[in-house]
Amino acid sequence: MSAVPSLATHASSPRWVPIAQANTDVAVGQRLRVHGWVHRTRSSGGICFLVLRDATGQVQVTAKKDVLGPETFSRVEKALVESALIVEGAVASDKRAPGGHELRAEKVEVVHAADNFPIFTGQTEDFLLDHRHLAIRTREMVATMKVKAEALRAARAFLDGEGYWEVTPPILSGNAAEGGAEAFELEYFGEKAYLAQTAQLYLEALIYPLEKVYAVTPSFRAEKSRTPRHLCEYTHLEAELGWAGMAENLEAQERLVAAILHRIAERRPEELSLLGRDPKELKAIEPPFERIRYAKALELLQGKGFDLPWGSDLATAEERALTLERTAPVFVTHFPKELKAFYMLEDPEDPRTVQGADLLAPEGYGEIIGGSCRETDITKTVARLEAMNVPRAPYEWYLDLRRFGSVPHAGFGMGIERIVRWVTRREHIRDTTPFPRTPSRLLP
Ligand code: NSS
């Protein structure tokens, strides 16, 4: 095999087009070249039908022995699923072919003849996870990854348009920000370091020079919880708004979520349909989202058979019950102080609670965003760190932010895999990311 496939460079080769473009009415009659992988193949009596896929779609290729010659035809006929091919030919209508068109091969190059592909229906979940590097080629995974990319594009477009600056906070840090127990610890040239659970503390520092900032970073949680919504590494979209309070913070979140949903509905309808989500359901979701207080959430839960005393956290089951019958997200606000991180601002009207909110996705999916107003008073921040038994030294730099021009500010963090899980209706969050990190999985 030569390093560069010959058909790709041959002067007389027709133009290389994405497969989705070859499988259209406008392409009928055109001579084209496509590059792709064998999705299905069957052959009988000197004719071979292949379904070829690339990143854009699929098309049926008809390869005939009398056109290709016996040698090439034999290579094509023997090419197993996932073999890589370059095909030149003319597009014709064919109602029986997927998408309604076929490419009648005139020249075929088998760029790589694949071994027996181990991924097919009926494999166990564990087997598929062990072979994740290959299983990501399935249609469901491809559709989910495209929806995720669209979510990130939508989020960036929205935030950029709103005047936020994208920034690049560190992932390695000398402090754990969301609670020590859940941080992955590692050794950093003889010192103790942590993998970021959040970029928040750094984003807070960045509002002073830039006012409105956001970052998309991996966040790490050393949680052994094996739930369908926890990953040990996830994609965290966080924003921090200077000069903002509770109202501005919640409004930014609901507008961001709506922008993401609407753009996905607009640009990825085929992927959504394949995954069983009607794009209309996403289009119909508009701000404002309902706001309910934590105390009210407890009452609602009581009506659903949960008997929770004030101060109990809302776990997966409670969030599910609260959202199962909803079609739009809901904010739960004013959680008890003890349940939340040290940096959250006490509510002056009810000091048992903080000015923060979780945004819960409907249909039982639960939390997708956590956010709050930040404590700006240095004395109170120090007292909260002490009350939570957090050593002060690694936070001295953070306390400095309360010494030099401290202003009201607020922010939030969205779990990208969480929102994608909801939108694409995946049962497990691991199917929203190509290489999930869970307590039992570090490979592939
Ligand atoms: O812990 S959070 O609720 N909040 C923070 O980290 C804040 N420091 C964010 C901020 O204000 N800048 O996490 C935020 C979101 C949460 O709502 C989930 O959507 C997601 O991050 N999240 C997770 N996704 C997947 N797996 C795990 N384990 C996970 N933990 C949080």
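Along the sequence shown, residues carry numbers from 1. The figures that follow rest on heavy atoms only: side chains count, while hydrogens, waters and symmetry mates do not. Order of listing sets the numbers, starting from 1, for every ligand and every atom in it.
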For the pair R426 (side chain) and D431 (backbone), establish whether a donor and an acceptor sit closer than 3.5 Å, ignoring hydrogens and angles.
-> no
Using side chain to side chain donor-acceptor pair (under 3.5 Å) as the criterion, point out the one residue from E82, H39, Q58 that pairs with R53.
-> E82
Below 4.5 Å, heavy atoms only, C-beta onward: do L103 and L52 meet side chain to side chain?
-> no
Protein heavy atom at shortest distance from atom 16 (C) of ligand 1 | E367 OE2, 3.2 Å
Can you list the ligand 1 atoms lying under 4.0 Å from a non-hydrogen atom of I369?
-> 17 (O)
To which protein heavy atom is atom 19 (O) of ligand 1 closest, and what is the distance rounded to 0.1 Å?
-> I368 O, 2.8 Å
Please report which non-hydrogen protein atom sits nearest to atom 11 (O) of ligand 1, along with the residue it belongs to and the distance in Å to one decimal place.
-> R374 NH2, 2.9 Å
Closest non-hydrogen protein atom to atom 12 (N) of ligand 1, residue and atom name please, with distance?
-> E238 OE2, 2.8 Å
What part of K340, side chain, backbone, both or neither, has a heavy atom within less than 4.0 angstrom of ligand 1?
-> neither
Kindly compute the distance separating NE2 (H133) from CZ (F435), expressed to the nearest 0.5 Å.
-> 8.0 Å
heavy-atom search around atom 15 (C) of ligand 1 in the protein gives G413 O, 3.4 Å
Report the C-alpha distance between E182 and F220 in whole Å, list the side-chain angles of each, state the deciding distance to 0.1 Å, and finish with yes or no for side chain to side chain contact (heavy atoms under 4.5 Å, CB included).
-> CA-CA 8 Å; E182 284 180 12; F220 300 86; over 6 Å; no
Report the nearest protein non-hydrogen atom to atom 1 (O) of ligand 1: residue, atom name, distance rounded to 0.1 Å.
-> R221 NH1, 2.9 Å
Taking the six-membered ring for Trp, is the centroid-to-centroid distance between Y398 and Y343 below 6.0 Å?
-> no
Is it the side chain, the backbone, both or neither of Y343 that has a heavy atom closer than 4.0 Å to ligand 1?
-> side chain
Does R229 come within less than 4.0 Å of ligand 1, judged by its heavy atoms?
-> yes
Can you tell me the protein heavy atom closest to atom 26 (N) of ligand 1 and the distance?
-> L231 N, 3.0 Å
Which bit of H236 gets closer than 4.0 Å to ligand 1, counting heavy atoms only: side chain, backbone, both or neither?
-> side chain
Backbone or side-chain N or O of G370 under 3.5 Å from ligand 1 N or O = yes
If we only count N/O pairs under 3.5 Å, is Q200 in contact with ligand 1?
-> yes
So R421 and Y365, side chain to side chain donor-acceptor pair (under 3.5 Å) or not? Walk me through it.
-> CA-CA 8 Å; R421 176 176 172 240; Y365 287 100; over 6 Å; no
Salt bridge or not for R392 and E396, using N-O below 4.0 Å?
-> yes
Between the main-chain N or O of T376 and the side-chain N or O of S406, is there a donor-acceptor pair closer than 3.5 Å?
-> yes
Could you check R132, E233, K148 and say which one makes a side chain to side chain donor-acceptor pair (under 3.5 Å) with T433?
-> K148
Atoms of ligand 1 close to E223 [distance to a heavy atom under 4.0 angstrom, numbered from 1] | 28 (N)
Is there side-chain contact between H35 and V111, with heavy atoms separated by less than 4.5 Å?
-> no
H230, portion touching ligand 1 at heavy-atom distance under 4.0 Å | both
Counting both backbone and side chain atoms, is some N or O of G415 under 3.5 Å from an N or O of ligand 1?
-> yes
Could you tell me whether R277 and E271 make a salt bridge, using a distance below 4.0 angstrom between a side-chain N and a carboxylate O?
-> no
Atom 21 (O) of ligand 1 - nearest protein heavy atom and its distance | Y234 OH, 3.0 Å
So is E417 close enough to ligand 1, meaning a heavy atom under 4.0 angstrom away?
-> no
